[in-house]
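Below is one structure, written out as structure tokens; the observations come after it.
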Protein chains: 2
Amino acid sequence: MKKTVLITGAHGFLGRHAARYFADAGYTVTGIGHGSWDSKEFARFGLTFWHAADITLDALVTYAGEPDMIVHCAGSGSVAFSMTHPYQDYGRTVSSMAAVLEYVRLHSPKTSVIYPSSAAVYGVVEKLPIMEASPLHPVSPYGVHKQIAEMLCQSYASSFHVSVAIIRFFSIYGPGLQKQLLWDACSKAERGDTAFSGTGLELRDWLHVIDAASLLGAVASHASPECPVFNGGSGEGVTVKEVLDEIVQAYGLNSGPKFSGKSRPGDPIGYQADMDNTIRLGWKPTIDWRSGVSDYVKWFKGACL
Amino acid sequence: MKKTVLITGAHGFLGRHAARYFADAGYTVTGIGHGSWDSKEFARFGLTFWHAADITLDALVTYAGEPDMIVHCAGSGSVAFSMTHPYQDYGRTVSSMAAVLEYVRLHSPKTSVIYPSSAAVYGVVEKLPIMEASPLHPVSPYGVHKQIAEMLCQSYASSFHVSVAIIRFFSIYGPGLQKQLLWDACSKAERGDTAFSGTGLELRDWLHVIDAASLLGAVASHASPECPVFNGGSGEGVTVKEVLDEIVQAYGLNSGPKFSGKSRPGDPIGYQADMDNTIRLGWKPTIDWRSGVSDYVKWFKGACL
């Protein structure tokens, strides 16, 4: 019999790529979450079933069944949103996680839970690269809520033997992502604007969404009541300036990016993942950031024709 | 004009004593939470208004007004319950806290929030006495959820300048408490049973509920966006055996308490608060544990006539 996976938030950026990955790996994929798409559209991402619903215990009881795995991609995806709507951010990230864990405890105890968390849980970082055991000092409600979701995973794992694995994703990007640095930069470059906030020296660790999806697959067999945590990055720190240079160049603009020199409060200075634990799983990223950014710009130009 | 306080969970053990304390201190006291009591009964504890409702954002919008202070006594009160009903424990402790903080952010930003948390957030303790800066390793869902509620307080304080103060209460007891060690011990002693689990050497730090309520009052003026945390104990470590000796003796039983010698998993070996930060507020406990336990036994005998 085919293995089954339920992907929450399957209509989202990571969710749909996770669906595609697991379908290609031979799973029957069910999706649940917000979003409206027809069966032809969701089938393109490998989904067999789609349920448009909030991720609540009621909805899971109704739709989840007993999958081999739940990949919990639902949740807030924006630091800025968490500053204007902290209660909604809490609901999307924390309440949905509580519902998933309780569902598994009560109704499907053999189901593994894979949780894509965020490097935002590290918050203010004192030392690079960041290890999984590095201290957690999240600065935004977004990061705090991701940390709380992780704590619920650990609590259900240790108290109720739910099998869980957590990945702290760094900067996931790729065609289809309509927010964050690359999207903003392409939008600006399109109209010849090369002015950016920050210093340009901020380090980010980029991971293509195709690689992010394959990492979800790689950790799946490691979910356990020990609740292991893995960093999800490339291991390479790239400055914002390097990335913007690529984009500005791809748009054939004469001047390079100009920076305000001012950091936004809460913006981390540097993010770079220590990937030793993750690499030890046998997984590694396949898409270099330069070719990934180049592909992104091509997609952006096409999408905005 | 009289100052106003909203006490969530005012029908509970700590909640009703908090209501009594703030009424005596000149506040107009409104209560909200679970529980059914008539106006004569709740007036006895100093409440002017009582609203029987879940602590949700909707309920707060309807009933809370703009009090000078919210003392958030609502929440789960049982480690054992959290092991059998973790999702309900989460709802009572975490969701209610999120609602209170969001209510204050949106509708009453001048309101201070006082949160009675629990020493259960310390969990497995390596060194006594326990300081507020000691590491947090909660072992039960109950303790994890209290820690999460604290994190939400800190997040709203730092991101949205909500004024908060947290007290981590140790073993609150007093007449009216119908659970935990003293209640169980009196119930057993009443029928001549002197067999207890554990080793008897477990340390606890007892705080009479009258003193707990006065401590809520003492920290009230220290609530701030710095979100200070204070231990709420006596500072004295008392063994379970010492307490049970008192009770068994009060019942005139010939033999002292007998212990199984086996600890329950998750039971902390020792809890004793470092009270330096709290004492510096000018507060101190007034009821010695021996006289407090003696009063408790008298109440128990009367209540069970």
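Sequence lines set the chain letters: A, B, ... in the order given, protein chains first and strands last, and positions in each chain run from 1.
The heavy-atom pair separating B:Ser82 from A:Phe160 by the smallest distance is O-CZ, 3.9 Å. The minimum heavy-atom distance linking A:Val139 with B:Ser159 is given by the pair O-OG, 3.9 Å. Of all heavy-atom pairs spanning B:Val144 and A:Met151, the tightest one is CG1-O, 4.2 Å.
Contact of B:Tyr90 with chain A is made through the side chain alone, with heavy-atom distances under 4.5 Å. Neither the backbone nor the side chain of A:Leu101 has a heavy atom closer than 4.5 Å to any heavy atom of chain B. For B:Leu57, the parts lying near chain A are the backbone and the side chain together; criterion is any non-hydrogen pair under 4.5 Å. Both the backbone and the side chain of A:Ser95 have a heavy atom closer than 4.5 Å to some heavy atom of chain B.
Other residues, nucleotides and ligands contribute at most 12 non-hydrogen atoms within 6.0 Å of the CD atom of B:Glu226. For B:Met83, the CE atom sits in a packed shell: over 12 heavy atoms of surrounding residues, nucleotides or ligands are nearer than 6.0 Å.
For chain A, the option among B:Gly143, B:Ala99, B:Ser140, B:Gly91 with the highest count of heavy-atom pairs below 4.5 Å is B:Ala99. Put simply, of B:Pro141, B:Ala98, B:Pro86, the one with the most heavy-atom pairs under 4.5 Å next to chain A is B:Pro86. Ranked by heavy-atom pairs shorter than 4.5 Å toward chain B, the options A:Gln147, A:Arg105, A:His145, A:Gln154 are led by A:Arg105.
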Determine whether B:Tyr87 and A:Tyr103 satisfy the following criterion, side chain to side chain contact (heavy atoms under 4.5 Å, CB included), listing intermediate values before the conclusion.
CA-CA 10 Å; B:Tyr87 194 62; A:Tyr103 177 76; over 6 Å; no
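Note that CD1 of B:Ile148 and OG of A:Ser155 are 7.0 Å apart. Values are rounded to the nearest 0.5 Å.
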